[in-house]
Every structure is written in C-alpha cells, then in structure tokens.
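Got a structure for you, written out below as structure tokens; questions coming shortly.
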Amino acid sequence: MLKISIILGTRPEIIKMSPIIKKLECLRLNYFILHTGQHYSYNMNKVFFDQLKLPEPSYNLGIRSGTQAEEVGKMLMGVETILQKESAEIVLVEGDTNSVLAGALAAAKLGIKVGHVEAGLRSYDKEMPEEINRVLTDHLSDYLFAPTENSRQNLLKEGIDEEKIVVTGNTIVDAVYQNSKLSEGNNVLEELGLEEDDYFLVTIHRQENVDNKERFHGILKGLESIGEEFEKPVIYPIHPRSRKMLNELSINVSGIRFMNPFDYLSFLHLESRAKVILTDSGGIQEDACILGVPCVTLRDNTERPETLEIGANVLAGTSSVEIVEKVRSILNKKHDWKHPFGDGKAAMRIVNELKHRFS
Ligand code: UD1
Ligand code: UDP
C-alpha cells in the first residue's frame, strides 16, 4: 500500500497540512508525520495539533532553531535516517521553510518522489531565505501542487515540465472554511475588550524586517501612528523571533498592545473582525483576502501578487509614513473582491492526484 511521509516543522505548515492529514485519515491511507521540531514552543506548535485534532507526529527530530545552515543541515541528516527506515514512496512538504527544503532534498537524494504543496510562489527576492527554499524545492519535486494559475505560470517559466504541475487551490482555504464556524463563538474579543471592526491586527516576523533594526523601528513607528490617527487599538501577537528583537531594540512606542501568539481559532476570530490586518506573513495575506478583510503588507514585494491585483492587499514597505498612507488608501477602497485561492477542496485534489499517479 502506498506510503506517504508528511514532513513539517512550523506553525503555517501544521495549519496548511491539516486538511491533507484529515483527508488521509478519512481515506485510511498509509501515512506518517515527521516533525523537524523547527517550531517547538507550545503556542507555535502543539496548540495547533490539539486544536485541529491532528494525530501526534510519529517522529520529532527536535532540531529547534539555529543559523540557516545549521537548521537545514541537521534536518537533512535527521530526515534521511527516518526515511531510510520507513521506506515511504512519497514525501509531501508544504510551503517554503527550512523544514520544507530539508525534507524535499533528503527525499530526492534517496530517490523518493517529492510532492510540493503550494508550489510556484515567487517573490523574486533572494534575500529572503524562503525564496531560496521555494525555488529549490520546486526544482526537486515530482508533483507540484500550484495554488493558482499564476503560480503554475511561474513554474512553466522556469522550465518545469507541465505534466508535473496541477493547479489545486491553496489548502489554507480548506483550513479557513473548516474552522471558521468553530471560531465563531470564540470569546477573544470580550477577553481583550475589543469591538468588532474597531481594531488593527498586526503580525511581523520576517527575518529581513525584524532582524534589521531600522526596518523594525520604521514599522513600529508606523503602527504607533495609525493607532493615534484612527484612535483604534493596535493588537500585535508577537512571534518569538520578533519578541527577541524587540527586547534588544529598547525603543519607545506607545499604543501597541503586544501579546503572545494566539491559538488558531482565536486568531481566525480576531482576523475576520479586524478593521485592517497589517502583516509581513505569507499565510496571513491569504487569510485576510479569503476573509474579506483589507490587508497592508509590510514588505517591498510579495509572492502572493494575486491579492494585490484584486485590491485586497497593498504593499507598504517599512517606512512609517508609507504605512499610514497605505492604511488610509485601503480604507477608502471597496472590499468586494472574490479571493483567488480556490474552493476549499485543495486537499481532496492533492490526495486524489497522488492516488491516481500511484495506481
Ligand atoms: C520560520 C520560517 C518562515 C516562516 C515562519 C513561520 C525559515 C527560513 N523561516 O521563521 O518562513 O514564515 O517560520 O512562523 O524556515 N522560536 C521560539 N519558539 C519556536 C520557534 C522559534 O522561541 O517555537 C524563536 C527562536 O528564538 C528562533 C527564532 O524564533 O531563533 C526564529 O525561529 P526559526 O524557526 O529559525 O525562524 P522563524 O522566524 O520562525
Ligand atoms: N496564526 C495563528 N496565531 C497567531 C498568528 C498566526 O494561528 O497568533 C496562523 C495564521 O492564521 C496563519 C498562520 O498562522 O494560518 C501563518 O503563520 P506565520 O505567519 O507564522 O507564517 P507564514 O505564513 O508567514 O510562513
């Protein structure tokens, strides 16, 4: 019987793989989860397994954090050992993290087929470690599950065989649709004393933003200014990487409510009722677009250009003046786009495709 190894390591991979894991469970297919341990804090990892009711990983390599090379190098060795023991036919990875690259590379070198979920995204910015991971993983993969036609075109431009590519939609849509109802009754707004449509929700964690003091400073000043101008709370659940930098940065900002990262259902509830979402996260640009909430992206580029084209998202970079202007401008636009990320059946398409190709 076909054996699939799901390799994951970080918060967004757990969330975006969850619809696929559920489908594999439902069809009683033979699979196991290999966790690299890249994310390990309870609120970056286990809370999602618990809340999304996912089975425990069969293996956790416990790699944790390090330099880019340390993370990928240690993961490569760990993944290779497990894959040799388990003799899986397919390794499935999702997204663009170091865990994804290590999983795909270890598998490809062992001659195991690689399926890349969310293939073909490009920022064309090699300063992002994620862009390097995306490009390499796509070129190592045998099955490329592109979320949109735009991502399929990116792959074709790089000479990837069209037979290998299937446009499936993004599994984040499946995850949002599957969990939106469950998040409805969440009481996070009452707990935080917030009113619907009356706060800004912020996340920032990109290495090129938070590890660069000037950029991080510009963003924080921009957030302070929008809080003052619009007289609304600015809610910032802070990623551990950013928390570390903020502690070192000793800058004086007021009006931003820093808090710990949220569980998935609370976060979905907060996202769907925010006035505007400001973020440098990839997944949260998609969430905002799917939920119909305007998004201001705190970066100079995005690998999700579809969100810009339909007017759901604008790029603001990291200058405080630009951030305020972009919030003003997106608030003056209509919010009536139709999101381009699929119908919530991406996981079904991906699993069916794998079954079909292996039958
Ligand atoms: C990683 C991914 C990024 C993804 C993000 C999702 C890479 C190159 N980056 O970035 O693409 O958007 O995950 O959130 O793979 N830390 C903790 N607890 C944790 C995890 C991290 O305290 O559970 C802290 C550690 O101090 C660590 C820092 O966060 O040094 C960065 O962690 P790391 O996994 O290296 O990168 P992320 O910024 O999380
Ligand atoms: N998320 C969450 N709690 C939070 C912040 C984010 O559950 O406090 C979820 C969010 O809904 C999205 C995913 O985490 O599905 C995005 O992960 P992240 O921003 O860490 O990574 P990226 O998408 O940038 O790789």
Side-chain angles (χ1 to χ4, degrees), residues 8-19 35-48 51-52 62-72 74-75 93-103 118 121 123 127-134 136-137 170-176 178-180 183 186 188 201-211 235-248 258-272 274 277 279-291 293 297-299 302-304:
L8 45 72
T10 67
R11 168 169 75 184
E13 292 158 72
I14 302 165
I15 295 169
K16 287 177 167 179
M17 273 296 192
S18 69
H35 196 314
T36 63
Q38 183 175 347
H39 282 181
Y40 47 89
S41 303
Y42 176 76
N43 60 13
M44 295 298 288
N45 176 40
K46 189 153 188 325
V47 66
F48 301 103
Q51 202 165 53
L52 295 164
I63 302 294
R64 298 199 165 207
S65 320
T67 64
Q68 295 292 316
E70 276 167 353
E71 285 185 9
V72 177
K74 287 183 191 164
M75 287 174 200
V93 289
E94 189 287 330
D96 55 18
T97 66
N98 287 344
S99 299
V100 171
L101 174 62
E118 204 178 66
L121 273 63
S123 67
E127 291 202 5
M128 299 176 70
E130 292 85 0
E131 181 71 0
I132 297 170
N133 294 341
R134 284 181 201 117
L136 293 176
T137 303
N170 195 311
T171 58
I172 192 74
V173 182
D174 308 28
V176 169
Q178 285 166 17
N179 292 287
S180 283
S183 83
N186 194 286
V188 63
L201 180 64
V202 177
T203 79
I204 312 152
H205 73 279
R206 289 258 90 79
Q207 184 179 306
E208 63 276 15
N209 277 346
V210 298
D211 291 8
I235 306 299
Y236 179 5
I238 187 158
H239 187 285
R241 173 187 284 278
S242 320
R243 167 80 71 190
K244 227 164 61 176
M245 287 311 291
L246 193 69
N247 293 342
E248 286 173 25
F258 296 101
M259 38 197 72
N260 287 326
F262 287 98
D263 64 86
Y264 188 52
L265 296 181
S266 302
F267 193 69
L268 262 185
H269 193 90
L270 272 170
E271 283 185 297
S272 59
I277 295 177
T279 191
D280 63 7
S281 157
I284 294 169
Q285 290 174 64
E286 292 161 350
D287 280 350
C289 182
I290 296 161
L291 294 166
V293 178
T297 293
L298 307 168
R299 289 175 45 190
T302 177
E303 55 294 311
R304 275 95 175 163

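Along the sequence shown, residues carry numbers from 1. Counting convention: from 1, in listed order, for ligands and their atoms alike. Note that these values count all heavy atoms, side chains included, but never hydrogens, waters or copies made by symmetry.
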Checklist entry - Short list, please: which atoms of ligand 1 are under 4.0 Å from a heavy atom of Arg206? => result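 So the atoms of ligand 1 that pass are 3 (C), 4 (C), 11 (O), 12 (O).
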Checklist entry - Ser242 versus Tyr236: any side-chain heavy-atom pair under 4.5 Å? => result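 Yes - at least one pair of side-chain heavy atoms lies under 4.5 Å apart.
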Item to check | atom 27 (C) of ligand 1: nearest protein contact (heavy atom, Å) | outcome: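 Going by distance alone, atom 27 (C) of ligand 1 is nearest to Ser65 OG, 3.1 Å.
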Item to check | Residue, atom name and distance, where the atom is the protein heavy atom closest to atom 36 (O) of ligand 1 | outcome: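 For atom 36 (O) of ligand 1, the nearest protein heavy atom is Arg241 NH2, 3.5 Å.
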Output block, N or O contacts of ligand 2, threshold 3.5 Å exclusive:
unit_1: ligand 2; atom_1: 3 (N); unit_2: Phe262; atom_2: O; d: 2.8
unit_1: ligand 2; atom_1: 8 (O); unit_2: Phe262; atom_2: N; d: 2.8
unit_1: ligand 2; atom_1: 11 (O); unit_2: Asp287; atom_2: OD2; d: 2.8
unit_1: ligand 2; atom_1: 19 (O); unit_2: Ser281; atom_2: OG; d: 2.7
unit_1: ligand 2; atom_1: 20 (O); unit_2: Arg11; atom_2: NE; d: 3.0
unit_1: ligand 2; atom_1: 20 (O); unit_2: Arg11; atom_2: NH2; d: 2.9
unit_1: ligand 2; atom_1: 23 (O); unit_2: Ser281; atom_2: OG; d: 3.3
unit_1: ligand 2; atom_1: 23 (O); unit_2: Gly283; atom_2: N; d: 2.7
unit_1: ligand 2; atom_1: 24 (O); unit_2: His205; atom_2: NE2; d: 3.4
unit_1: ligand 2; atom_1: 24 (O); unit_2: Arg206; atom_2: NH1; d: 3.4
unit_1: ligand 2; atom_1: 24 (O); unit_2: Ser281; atom_2: OG; d: 3.2
unit_1: ligand 2; atom_1: 24 (O); unit_2: Gly282; atom_2: N; d: 2.9

Item to check | Closest approach of any protein heavy atom to atom 1 (C) of ligand 1, naming residue and atom | outcome: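 For this ligand atom, the closest protein heavy atom is Gln38 NE2, 3.7 Å.
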Checklist entry - What protein heavy atom sits nearest atom 5 (C) of ligand 1, and how far off is it? => result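 Sorting protein heavy atoms by distance from atom 5 (C) of ligand 1 puts His205 NE2, 3.7 Å first.
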Item to check | atom 15 (O) of ligand 1 - nearest protein heavy atom and its distance | outcome: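 Its nearest protein heavy-atom neighbour is Asn98 N, 2.8 Å.
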Item to check | Pair Glu131-Ser123, side-chain donor/acceptor within less than 3.5 Å | outcome: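 Yes - a donor-acceptor pair under 3.5 Å links their side chains.
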Next on the checklist: Between ligand 1 and Thr97, is the shortest N or O to N or O distance under 3.5 Å?
Outcome noted: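 It does not: no N or O of Thr97 is found under 3.5 Å from an N or O of ligand 1.
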Next on the checklist: Show me which atoms of ligand 1 lie under 4.0 Å from any heavy atom of Glu130.
Outcome noted: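 Here the atoms of ligand 1 in question are 3 (C), 9 (N), 11 (O).
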Checklist entry - Asp96 versus Met128: any side-chain heavy-atom pair under 4.5 Å? => result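 A side-chain contact is absent here, since even the closest heavy-atom pair is not under 4.5 Å.
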Checklist entry - Taking distance alone, with no angle check, do Ser99 and ligand 1 share an N/O pair under 3.5 Å? => result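 Among all N and O atoms of Ser99, none is under 3.5 Å from an N or O of ligand 1.
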Checklist entry - Can you check whether Thr10 has an N/O within less than 3.5 Å of an N/O in ligand 1? => result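 Min N/O separation from ligand 1 is not below 3.5 Å for Thr10.
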Next on the checklist: Does any part of the side chain of Asn45, heavy atoms only, come nearer than 4.5 Å to the side chain of Gln38, both counted from C-beta?
Outcome noted: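 The answer is no; the side chains never approach within 4.5 Å.
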Item to check | Gln285 side chain to Thr302 side chain, donor-acceptor N/O pair below 3.5 angstrom | outcome: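 There is such a pair between these side chains.
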Item to check | Heavy-atom side-chain proximity of His35 to Leu8 below 4.5 angstrom | outcome: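 In short, these two side chains touch, coming nearer than 4.5 Å.
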Item to check | Enumerated ligand 1 atoms positioned under 4.0 Å from heavy atoms of Ser41 | outcome: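 Matching atoms, with element in brackets: 17 (C), 18 (N), 19 (C), 22 (O), 23 (O).
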Checklist entry - Side-chain contact, heavy-atom cut-off 4.5 Å: Asn170 with Lys16? => result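 Contact flag for Asn170/Lys16 side chains = yes.
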Next on the checklist: Tell me which one of Val293, Ile235, Thr279, Ile284 satisfies side chain to side chain contact (heavy atoms under 4.5 Å, CB included) with Leu201.
Outcome noted: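 Checked Val293, Ile235, Thr279, Ile284 against Leu201; only one passes side chain to side chain contact (heavy atoms under 4.5 Å, CB included): Ile235.
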Checklist entry - Among the heavy atoms of Glu71, does any lie under 4.0 Å from an atom of ligand 1? => result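 It does; at least one heavy atom falls under 4.0 Å.
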Item to check | Check against side chain to side chain donor-acceptor pair (under 3.5 Å), Asn43 and Asn260 | outcome: CA-CA 8 Å; Asn43 60 13; Asn260 287 326; 4.9 Å; no
Checklist entry - Of the backbone atoms (N, CA, C, O) and the side-chain heavy atoms from C-beta on, which set of His239 has a member under 4.0 Å from an atom of ligand 1: side chain, backbone, both, or neither? => result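 Answer for His239: side chain.
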Next on the checklist: Between Glu118 and Arg304, does any NZ, NE, NH1 or NH2 come within less than 4.0 Å of an OD or OE carboxylate oxygen?
Outcome noted: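 A salt bridge links Arg304 with Glu118.
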Next on the checklist: As a test of understanding, state which of Asp263, Leu291, Asn186, Val188 forms a side chain to side chain contact (heavy atoms under 4.5 Å, CB included) with Leu268.
Outcome noted: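 Exactly one pass, corresponding to Leu291.
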Checklist entry - Considering only heavy atoms of Met44, which atoms of ligand 1 have at least one such atom less than 4.0 Å away? => result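 Result: 23 (O).
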Next on the checklist: Students should be able to answer this: which protein heavy-atom is nearest to atom 22 (O) of ligand 1, and at what distance?
Outcome noted: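 Looking at atom 22 (O) of ligand 1, the protein heavy atom closest to it is Pro240 CB, 3.2 Å.
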Item to check | Exercise: identify the closest heavy-atom pair between Gly282 and Arg206 | outcome: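 In this case the closest contact between Gly282 and Arg206 is N-NH1, 3.6 Å.
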Checklist entry - Would a distance-only check, ignoring hydrogens and angles, find a side-chain to backbone donor-acceptor pair under 3.5 Å from Gln51 to Tyr264? => result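 It does hold such a pair.
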Checklist entry - What atoms in ligand 1 come closer than 4.0 Å to a heavy atom of Lys244? => result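 Per the distance check, 26 (O), 30 (O).
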Item to check | Residues which pass salt bridge (charged side-chain N to carboxylate O under 4.0 Å, His left out) with Glu271, listed by chain and number, not counting sequence neighbours | outcome: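 Salt bridge (charged side-chain N to carboxylate O under 4.0 Å, His left out) check on Glu271 returns nothing, list empty.
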Item to check | Proximity flag Gln207 to ligand 1, non-hydrogen atoms under 4.0 Å | outcome: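 Flag not set, Gln207 not near ligand 1.
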Next on the checklist: Angle between ring planes, His239 versus His205, binned at 30° and 60°: parallel, tilted or perpendicular?
Outcome noted: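 Parallel.
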Next on the checklist: Considering Arg243, Gln68, His39 one by one, which has a heavy atom nearer to atom 10 (O) of ligand 1 than any of the others?
Outcome noted: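 Shortest heavy-atom distance from atom 10 (O) of ligand 1: His39.
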